[in-house]
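Shown next, in structure tokens, is the structure this report addresses.
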Amino acid sequence: MVLCALRQQVLRCSSHCRTWARLPQRQRSGCVYSSIHGFNQDEIKEKLQAFHGGSIDLLKQDSGIAVLTINNPSRMNAFSGSMMIDLEERVSQLENWPEGKGLIVQGAAETFCSGSDLNAVRAISNQQDGMKMCMFMQNALTRLLRLPLISVALVEGRALGGGAELTTACDFRLMEAGSVIQFDHKHMGLVPGWGGAARLVHLVGSQNALKLLGGAVKVDPELGVNIGLVDGVLEGHQKTEGAAPLLQQAENWLSRYTKGPAPVIQAVKKVVLSGRELPLSEALRTEKDIFGTVWGAPANLEALASKSKHK
Ligand SMILES: CC[C@@H](C(=O)O)C(=O)SCCNC(=O)CCNC(=O)[C@H](O)C(C)(C)COP(=O)(O)OP(=O)(O)OC[C@H]1O[C@@H](n2cnc3c(N)ncnc32)[C@H](O)[C@@H]1OP(=O)(O)O
């Protein structure tokens with residue numbers, strides 16, 4: 001049943017979007033937790049709403065690349081409760097963006113994100129609320145990773161705790177020279193709970209994941225690239241004369257993968273997503289279905305017509 005739901009989630013494409021959007025949120029979202037797991041999203045949202053401050057800002061650009069900014073500079077972009085809710089809403093907006101191709105996730109004011117707002121964490125440090133927050137954030141970050149957009153975390157400054165977990169909910173990670181990713185949960189007497197450990201194991205293997213979590217290792221760009229966590233290193237624009245602004249560098253980096261019509265780029269992400277998440281037979285069937293959405297579609301017909309050499 002779970003696989004079937006995921007297959008449906010992967011299959012979503014612009015032509016299905018309107019029908020899909022009419023379905024209740026939890027049915028259409030590809031969430032990990034729903035009412036059958038005893039999870040009541042509205043209940044935890046009400047609690048989280050009490051811890052306000054900061055925002056998650058979304059800018060959808062004509063290029064088809066959106067920028068999602070974690071914005072709470074006075075707390076090093078830590079996630080307040082209302083920002084967790086914001087995040088879920090922004091993800092919903094991105095799920096319903098037929099023209100979308102790529103996404104850059106960045107922090108405001110030259111740092112990425114220092115995890116949960118410790119003031120909110122203190123207030124919901126009881127077992128029940130902690131579990132609900134954990135399920136809420138796993139749902140939101142799983143949906144972020146499953147967006148039909150090619151996503152990049154742009155790490156400037158520090159990505160700590162939940163901030164490090166957030167980087168793993170993107171397809172790629174770019175680090176500015178001098179920046180750090182640190183799964184420092186151990187120092188808080190915790191382990192990742194936003195899905196960051198599971199995703200980290202997929203990205204770097206269990207040996208490296210154990211070292212990073214067990215040692216709360218400060219991952220610099222060089223180490224990140226060596227273990228396969230990081231896909232590119234950007235020049236620090238303040239330290240390197242003539243370097244382009246970081247966001248510009250990230251957009252340039254991403255644009256090589258987002259060049260082309262949105263339905264094709266979204267299909268690329270979907271076939272990779274199904275290969276990444278589904279068992280082989282299921283992934284093959286899903287790939288066939290996704291292939292069916294691009295075969296004979298306008299971009300395909302246009303390419304066939306323009307490639308006169310092959311006539
Ligand atoms: C479930 C929780 C888990 C998860 O989500 O998976 C977590 O995320 S746990 C949180 C993990 N994060 C941390 O442990 C980071 C805690 N913060 C720090 O260690 C330091 O603040 C810093 C991020 C290393 C920065 O140090 P420094 O450069 O010395 O600046 P300050 O310490 O003065 O910070 C500036 C300002 O920001 C506030 N701040 C920073 N992080 C948080 C945070 N996570 N929550 C709330 N507030 C945060 C810090 O308190 C300072 O504010 P003022 O004291 O008002 O100046």
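Every number for a ligand or one of its atoms is a count from 1 in the order of the listing. Along the sequence shown, residues are numbered consecutively beginning with 1.
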Check: [X] side chain, [Y] main-chain N or O, donor-acceptor pair, under 3.5 Å:
X    : Y    : value
D129 : S125 : no
E235 : A243 : no
K269 : L149 : yes

Which of the numbered atoms in ligand 1 are below 4.0 angstrom from a heavy atom of [X]?
X    : result
D184 : 11 (C), 13 (C), 14 (O)
W194 : 5 (O)
G115 : 8 (O)
L118 : 10 (C), 16 (C), 43 (C), 44 (N), 45 (N), 46 (C)
G162 : 4 (C), 5 (O), 6 (O), 7 (C), 8 (O)

In the protein, which heavy atom is nearest to [atom], and how far is it?
atom                    : result
atom 2 (C) of ligand 1  : S116 OG, 3.3 Å
atom 6 (O) of ligand 1  : E165 OE2, 2.7 Å
atom 35 (C) of ligand 1 : M76 CG, 3.8 Å
atom 19 (O) of ligand 1 : L160 CD1, 4.5 Å
atom 42 (C) of ligand 1 : S114 OG, 3.4 Å
atom 38 (C) of ligand 1 : R75 CA, 3.7 Å

Self-check item: Verdict with reasoning, L246 to Q106, per side chain to side chain contact (heavy atoms under 4.5 Å, CB included)
Solution: CA-CA 10 Å; L246 278 186; Q106 65 168 7; over 6 Å; no
Does [atom] have a protein heavy-atom neighbour under 4.0 Å away?
atom                    : result
atom 54 (O) of ligand 1 : no
atom 50 (O) of ligand 1 : no
atom 44 (N) of ligand 1 : yes
atom 33 (O) of ligand 1 : no
atom 8 (O) of ligand 1  : yes
atom 17 (N) of ligand 1 : no
atom 12 (N) of ligand 1 : yes
atom 29 (O) of ligand 1 : no

Self-check item: Heavy-atom nearest neighbour of atom 46 (C) of ligand 1 within options D117, I124, N72
Solution: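 Closest candidate by heavy-atom distance is D117.
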Quiz item: Relative to each other, are the rings of F79 and W194 parallel, tilted or perpendicular (30° and 60° limits)?
Solution: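 F79 and W194: perpendicular rings.
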Practice problem: Could you label the plane-to-plane angle of the W295 and F291 rings as parallel, tilted or perpendicular, counting under 30° as parallel and over 60° as perpendicular? | Solution: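 Plane angle between 30° and 60°, so tilted.
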Quiz item: Atom CD1 in I65, atom CD in E251: separation rounded to 0.5 Å?
Solution: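 These two atoms lie 5.5 Å from each other.
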Quiz prompt | Nearest-0.5 Å distance, CG of residue L48 to CE of residue M137 | solution =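 The CE atom of M137 is 9.0 Å from CG of L48, to the nearest 0.5 Å.
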Quiz item: Are the charged groups of D184 and R158 less than 4.0 angstrom apart, N to O?
Solution: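 No, this pair does not count.
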Quiz item: Would you call E88 and R143 a salt bridge, taking side-chain N to carboxylate O under 4.0 Å as the test?
Solution: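 A salt bridge is present here (some side-chain N lies under 4.0 Å from a carboxylate O).
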Where does [X] meet ligand 1, judged by heavy-atom distances below 4.0 Å: at the side chain, the backbone, both, or neither?
X    : answer
M137 : neither
A78  : side chain
F79  : neither
R158 : side chain

Quiz item: Is there a heavy atom of S74 sitting under 4.0 angstrom from any atom of ligand 1?
Solution: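 A heavy atom of S74 does come that close to ligand 1.
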Quiz prompt | side-chain contact (heavy atoms from CB on, under 4.5 Å) partner of E222, chosen from V225, N226, V219 | solution =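 The option that passes is N226.
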Practice problem: Evaluate the side-chain proximity of Q249 to L174: yes if any heavy-atom separation is below 4.5 Å, no if none is. | Solution: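 When only atoms from C-beta onward are counted, Q249 and L174 do not touch, as no gap falls below 4.5 Å.
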Quiz item: Side chains of L234 and L154: closer than 4.5 Å at any heavy-atom pair?
Solution: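 Touching, per the 4.5 Å side-chain cut-off.
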Quiz item: Looking just at side-chain N and O atoms, do S55 and D57 make a donor-acceptor pair shorter than 3.5 Å?
Solution: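 On atom types as modelled, these side chains qualify, holding a pair under 3.5 Å.
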Exercise. Would you please say whether a donor-acceptor pair under 3.5 Å links the side chains of E156 and S179?
Key: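 Their side chains do not contain a donor-acceptor pair, so the 3.5 Å distance test is not met.
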